[in-house]
Amino acid sequence: MGAFRSGLALAFVAVMLAREAKGLLIGESVDPALIEQMWRAIERRPEIMAVNPVKPSTPRPTPSSSRSAPISRMR
């Protein structure tokens with residue numbers, strides 16, 4: 001019975017580690033509302049002249065509300 005419990009505990013830990021590793025390997029998407037909030041915060045800062053786009057390492061659809069080009073302000 002002890003070996004069975006140990007096996008279950010090891011299986012549980014393996015599943016949890018696999019889920020975490022998947023998120024790290026594949027990547028996790030950011031909430032579009034958070035992206036818009038970050039863009040608004042950046043646009044309020046006049047000292048920021050441009051922001052380089054961040055390209056994900058894995059292809060995934062981008063929401064139409066997110067910006068794919070850097071913002072540029074000439075002063």
Discussion item. Rounded to the nearest 0.5 Å, what separates atom CD1 in Ile35 from atom CD in Gln37?
Written reply: 11.5 Å
Worksheet item: Linking Ile, Leu, Val, Met, Phe, Trp and Tyr by side-chain heavy atoms under 4.5 Å, what else ends up with Met1?
Response: none
Discussion item. Can you list, by chain and residue number, the hydrophobic cluster partners of Leu8 when the side-chain cut-off is 4.5 Å?
Written reply: Phe4
Discussion item. Against Val13, only a single residue in Leu10, Leu17, Val15 fulfils side-chain contact (heavy atoms from CB on, under 4.5 Å); can you say which?
Written reply: Leu17
